[in-house]
Structure formats: structure tokens, C-alpha cells
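Report on the following structure.
FYI, the numbering just counts along the sequence from 1. What you see is a predicted model, and the numbers here were worked out from it, not measured in a lab. Each ligand, and each atom within it, is numbered from 1 in the order the structure gives.
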Amino acid sequence: MEMMKAFIGKVVLVTGGTSGIGRATAIAFAQEGASVVVVGRRESEGAESVALIEQAGGKGLFVQADVSIEDDVAAMVAKTLESFGKLDFAFNNAGIFLESAPITEVTQDTIDRILAINVRGVALCLKHEIPAILKSGGGGIVNTASFLGIHPHPGSAIYNASKFATIGLTKSAALEFASQGVRVNAICPGVIETPMNEEYRQDAQGRAALNSMQPLGRIGHPEEIAAAVLYLCSPKAGFVTGTTLSVDGGIAI
Ligand code: NAD
């Protein structure tokens, strides 16, 4: 007998679902029976994600939105409710990595762009998703932080700060809504094979350097992050809130 799928009848929203970790997680939720709203900026990649969700047996919808703009975030939640009638879970995963330089070389534009998407974006998503989740009787949110939100490395001070902030937002929201049945957790990936670090992986030397950063000796796969996100949203994690779950090959030890 086929095992009962874990997210049948559930509606999940995934930001940055047009590639990498977000797309893999959208597909994993669909495999478990969920309806998935994929949020991102690129329409063609969004359509591809929806096709993959449908192939996996779920219902999918692409909503074009920039998470750093409040009107877009409000509209993304409204479209979710319009199309699927409710919201149970959200994976706030959209993010950017821009710097590879010491803080003395960082420009104001870089600071503003990273914070707008990685911090303001997560804050706006929490603001607009939580009321919808409350209306469906509770649920959960997972925010994508990073190993760099726990254990900073030199050369990415603003990104590090943005991911520390993601963890701060996660803990604050978890405390504010714990009594109302909304669990909020963060995931801290190590180096994962996605478009974000494609250029570093192009030559054998860069790839070896990324592999050796993790005590487990390899970079991770987006599906390994997806599995942890599904766990945090599942009833198995019913007593888990405000935590940061590292899925990082040991890099933050
Ligand atoms: P990715 O570049 O493939 O995915 C990032 C996604 O976010 C893309 O779909 C992009 O379109 C979307 N996005 C960016 N800005 C947006 C905006 N303003 N509005 C809406 N969508 C936006 O890379 P990824 O590795 O899958 O990244 C996903 C998350 O994981 C990010 O938050 C990243 O910081 C984090 N992360 C990645 C790694 C890694 O090694 N890949 C490690 C730790 C944390």
C-alpha cells in the first residue's frame, strides 16, 4: 500500500521557487500532495517550476513578485488565497549573495540591495503570510538563513549580517505567534549546488575548495534542504519553533 502523502490538501507558498533550493522544495512538497505557489521574478523559470510541480503530482501556480516590495508581497498572498482558498505553510527562501570583498570595499548600493531582499523581504513575507496562516487555523513558516548566519566568513559581511537578521526575525515571529499555532523556524544550508555558486564550481579547483569547506567533504544538494524544510512543516516537528536547523555538512561546527 502506498504510504499516505504528508501534505495532501495543504497549500504552500515558496519564494525564490524559480530555481535552486526553492524549486527543489516546491517539487518535494508537490510529491507529498501539496498545492504549491511558486513566487519569483522570472516568468519562464516560474512556468518551468510549475511544470515540474505538476509532473510530481501537485497543483502549481506561478506568481511574479519581488519580495522586497510590499505591494508585491501583499498581492502574492492575495493571489494564493484567490487560487487555493487558504495558506498553510510558507518557505521564505528568496535571497541574493553579492559580495566577495572586505567591508572596507562594500558599496552603499550593495548594502541596500542585500538588506532589501534578504531582510526586508523576509520581514514583509512574515507580515503578510502570518494573518493568512492564522485564518486557516495555524501552520508553519520556514525562512532560509545560512551557515553564514551562524558562523560568519570573511568577505561577505553584509550577507552574513542579513542572515543573522533572518534568524532574529525567525525567533521574534516564533515567539509572537507560538500561542496561536504558527511555528516559525529557519534553515541554515551549507554550500549547496545551485545557480548561486555556479561560477565558483566551474573549474575543478573551485569545486574542490567548496567541497573541502564542509567537514563531510562535499557540497550539498537542494533536495537535502527540501527534506529538512518538509520536516519542519510536518506534524513530526509539532514541538519545534524558533529554531535554526543546520543542514550543512558540519560547516558551522
Ligand atoms: P538561487 O539563486 O538559485 O535562488 C534564489 C532565488 O531567489 C531565485 O529563484 C531568485 O530569482 C529569487 N529571488 C532573488 N531575489 C528575489 C526577489 N527580490 N524577489 C523574489 N525572488 C527573488 O540560489 P539558492 O542557493 O537556491 O538560494 C536560495 C536561498 O538559500 C537564498 O536565500 C540563499 O541566500 C540561501 N543559501 C544558499 C546557499 C548555497 O550555497 N546555495 C547556502 C546558504 C544559504
Can you figure out which of [options] has its heavy atom closest to [atom]?
atom: atom 14 (C) of ligand 1; options: Arg23, Arg113, Arg41, Arg120; value: Arg41
atom: atom 39 (C) of ligand 1; options: Ile192, Asn92, Ile219; value: Ile192
atom: atom 5 (C) of ligand 1; options: Ala145, Gly20, Gly95; value: Gly95
atom: atom 36 (N) of ligand 1; options: Tyr200, Phe97, Tyr159; value: Tyr159

Which bit of [X] gets closer than 4.0 Å to ligand 1, counting heavy atoms only: side chain, backbone, both or neither?
X: Asn93; value: both
X: Thr194; value: side chain
X: Glu45; value: neither
X: Lys163; value: side chain
X: Ala65; value: backbone

First locate atom CD1 of Ile141, then atom OG1 of Thr170, and finally report the distance between them rounded to the nearest 0.5 Å. 9.0 Å
Here the gap from Ile187 atom CD1 to Glu224 atom CD, rounded to the nearest 0.5 Å, amounts to 11.5 Å
[X] heavy atoms, cut-off 4.0 Å: which ligand 1 atoms fall inside?
X: Asn197; answer: 39 (C), 40 (O), 41 (N)
X: Ser19; answer: 1 (P), 3 (O), 4 (O), 8 (C), 9 (O)
X: Gly16; answer: 6 (C), 7 (O), 9 (O), 12 (C)
X: Val191; answer: 40 (O)

Answer yes or no for [X]: is there a heavy-atom contact with ligand 1 below 4.0 Å?
X: Cys188; value: no
X: Thr15; value: no
X: Gly121; value: no

Which heavy atom of the protein is the closest neighbour of [atom], given with residue, atom name and distance?
atom: atom 26 (O) of ligand 1; value: Ile21 N, 2.8 Å
atom: atom 27 (O) of ligand 1; value: Met196 CE, 3.7 Å
atom: atom 35 (C) of ligand 1; value: Thr144 CG2, 3.5 Å

